[in-house]
There are 2 protein chains.
Amino acid sequence: MSAPTLREVTRQAARERISDVAIELFIERGYDATTVEEIATAAGISERTFFRYFPTKDEVFFSRAAADTQTLIDHVTARPADEAPWVALQAAVDSTLLELDRAENSDRSRTYRTVLAHSADLLAHQFTRLSDALTAISDTLWERWAAAEDPTDPDAKILIRTLVSSALGAVNEVMSFAEDRTPAERRRLVHNTLSAIRPARPDLGGSTAG
Amino acid sequence: MSAPTLREVTRQAARERISDVAIELFIERGYDATTVEEIATAAGISERTFFRYFPTKDEVFFSRAAADTQTLIDHVTARPADEAPWVALQAAVDSTLLELDRAENSDRSRTYRTVLAHSADLLAHQFTRLSDALTAISDTLWERWAAAEDPTDPDAKILIRTLVSSALGAVNEVMSFAEDRTPAERRRLVHNTLSAIRPARPDLGGSTAG
DNA sequence: GCATTCGTGGCAGTGACTGTCACCATGTTG
DNA sequence: CAACATGGTGACAGTCACTGCCACGAATGC
């Protein structure tokens, strides 16, 4: 987009260095047991400066871990605009999982999940992040649906939200409770679960498989 | 059950008095803007004593607001043990909504939702509470299913979890985004949404309506 | 009457933040 | 080159949720 200033580049580099150090500490001793002061000292800065780079302690974790939900959002956006919401969503979930299961990605995300699972605090914030993703995806799908159908329909938005909620829930459950399965197995589980859902109204995208 | 000690009765009374005062303050000036010290002072106790009655600040809120999820759990438990998971869940959701929509209940829960919606912090904890409910309900349904079918099936537990996740998600979405509808309308929305979900496997409870 | 136990308040401390200020290294301008 | 504005930084004090510790007083048990 716009030319990044020297300052912006430096700042971004600093951010990454801090989060590298932080995540290393999180893995080593857990999120809760790591203080911001320790992160700052390990990164060679003061605690005050840490908070100039990250608004909260958990942001330093999610700055790296949030890639997954963003990928899903991107894949939804990449779908053809005239596709029905539920069809687009299913396809986006499929292709997102396929992408995330690639090589080095899965190592990284397994590590993050471990850190996440050991901190109730972090987990709580993860839920609100999922909730934000739900809103982002639902809004995108709703706008597209509204352009083609009836933008004044009062039920559509909420029905779309529940569909997205189900999809995110399914992915989250499988990722959390089927860590030991192969990526292909996980994808199959998610796919089967989503296939069993047929939107309450055909205009939202009834199953194409009859 | 067991005879409540005099101490237990006094303690419970104190807890209720504190949470009454606290929730009044939350409504008046918002959750985040209310400090524990203010609650304690208003209740005529010290801050230290407050934390002997409630482990955290949000607990004082949820001690009153958690009734809804507990009602759902109860209704699931009340279902016949041999009923398929998804059938039991749908029925439990229906009857729970019916019960919660009764008279004075809905005023109270609207107030709570208002407080909740204005605090990101509180909302995050609400999600973890929903997650706990998800686990409780899923465990109950799984145990029943396992007794009748195959307890060693590796997929069952996770498939049940995704079903419960969808159900809770649907209820949550409707309650959050259809506040302005009539209770009957909300129940219809939830019911329709859940009817559109057919478990990936018939043993988990395919729709009875063909 | 005395000891034990329990509920309470006071107080100090921790950890995540925020506001303020002074310092210093920039880069800019005359 | 000197005066100046700009922005990043650390030090410090303060807030708020929460915890551990101790001492006091009141109810309880023998």
Side-chain angles (χ1 to χ4, degrees), chain A residues 3-19 21-23 25-26 28-63 115 118-126 128, chain B residues 3-19 21-23 25-26 28-63 115-116 118-126 128-129:
Chain A
T5 323
L6 170 67
R7 271 212 245 287
E8 283 166 355
V9 174
T10 325
R11 183 175 173 78
Q12 192 52 37
R15 258 181 79 94
E16 277 169 30
R17 200 168 43 77
I18 296 169
S19 69
V21 168
I23 287 171
L25 288 173
F26 292 160
E28 197 182 306
R29 59 184 91 167
Y31 176 83
D32 294 330
T34 307
T35 69
V36 171
E37 202 189 346
E38 286 167 345
I39 299 169
T41 305
I45 56 172
S46 74
E47 194 186 344
R48 192 66 190 84
T49 299
F50 171 93
F51 283 111
R52 291 202 179 95
Y53 282 96
F54 296 95
T56 57
K57 181 186 170 187
D58 42 83
E59 196 67 26
V60 75
F61 176 80
F62 287 116
S63 69
V115 175
H118 283 63
S119 164
D121 218 21
L122 220 42
L123 214 49
H125 285 103
Q126 164 74 353
T128 69
Chain B
T5 323
L6 170 67
R7 274 213 244 286
E8 284 167 353
V9 174
T10 323
R11 183 174 173 80
Q12 192 53 37
R15 258 182 77 95
E16 277 169 31
R17 200 169 42 79
I18 296 170
S19 69
V21 168
I23 287 172
L25 288 173
F26 292 159
E28 195 181 308
R29 58 183 92 164
Y31 176 83
D32 294 331
T34 307
T35 70
V36 172
E37 202 190 343
E38 286 167 344
I39 299 169
T41 305
I45 57 173
S46 74
E47 194 186 345
R48 192 69 191 80
T49 299
F50 171 91
F51 283 111
R52 291 204 179 91
Y53 282 97
F54 297 95
T56 57
K57 180 186 171 187
D58 42 85
E59 197 67 25
V60 75
F61 176 80
F62 288 117
S63 69
V115 175
L116 200 57
H118 283 61
S119 165
D121 218 21
L122 220 43
L123 214 49
H125 285 104
Q126 164 75 354
T128 69
R129 290 193 153 254

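Letters go in sequence order (proteins before strands), and every chain restarts at 1.
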Q) How does protein reach along nucleotides 11-19 of chain C, written 5' to 3' as B (base within reach of a heavy atom under 4.0 Å), S (only sugar-phosphate), or - (no contact)? A) B---SSBBB

Q: Give the intermediate values and the outcome of side chain to side chain contact (heavy atoms under 4.5 Å, CB included) for residues B/Arg15 and B/Gln12.
A: CA-CA 5 Å; B/Arg15 258 182 77 95; B/Gln12 192 53 37; 4.0 Å; yes

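- The distance from the OG1 atom of B/Thr56 to the NE2 atom of B/His125 is 6.5 Å, given to the nearest 0.5 Å.
- Put simply, CZ on B/Phe54 is 15 Å from P on C/dG7, counting in whole angstrom units.
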(Q) Determine whether A/Tyr53 and A/Glu59 satisfy the following criterion, side chain to side chain contact (heavy atoms under 4.5 Å, CB included), listing intermediate values before the conclusion. (A) CA-CA 10 Å; A/Tyr53 282 96; A/Glu59 196 67 26; over 6 Å; no

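- Between the CG atom of B/Leu122 and the C1' atom of D/dC16 there is a distance of 16 Å, rounded to whole Å.
- In this structure, the CZ atom of B/Arg7 is 12 Å from the P atom of C/dT5, given to the nearest Å.
- Atom pair B/Arg29:CZ and D/dC16:P shows a separation of 11 Å (rounding to whole Å applied).
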Q. How does DNA chain D look in dot-bracket form if you count Watson-Crick and G-U pairs under 3.5 Å, write [ ] for pairs that cross, and put | where a base pairs with another strand?
A. ||||||||||||||||||||||||||||||

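- For A/Phe61 against A/Ile23, the heavy-atom pair with the smallest separation is O-CD1, 4.4 Å.
- With rounding to the nearest 0.5 Å, the separation of CD in B/Glu38 from CD in B/Glu47 is 10.5 Å.
- Contact between the side-chain N/O atoms of B/Tyr53 and the OP1/OP2 oxygens of C/dT8 is found at a separation under 4.0 Å.
- The neighbour count for B/Glu37 CD, taken as heavy atoms of other residues, nucleotides or ligands under 6.0 Å away, does not exceed 12.
- Between B/Asp121 and B/Ser119, the side chains place no donor N or O within less than 3.5 Å of an acceptor N or O (distance only, hydrogens not considered).
- Across the protein-nucleic acid pair, A/Asp121 atom CG and D/dA17 atom C1' stand 12 Å apart, rounded to whole Å.
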Q. Would B/Lys57 and B/Phe26 satisfy side chain to side chain contact (heavy atoms under 4.5 Å, CB included), going step by step from the backbone distance to the final call?
A. CA-CA 11 Å; B/Lys57 180 186 171 187; B/Phe26 292 159; 4.3 Å; yes

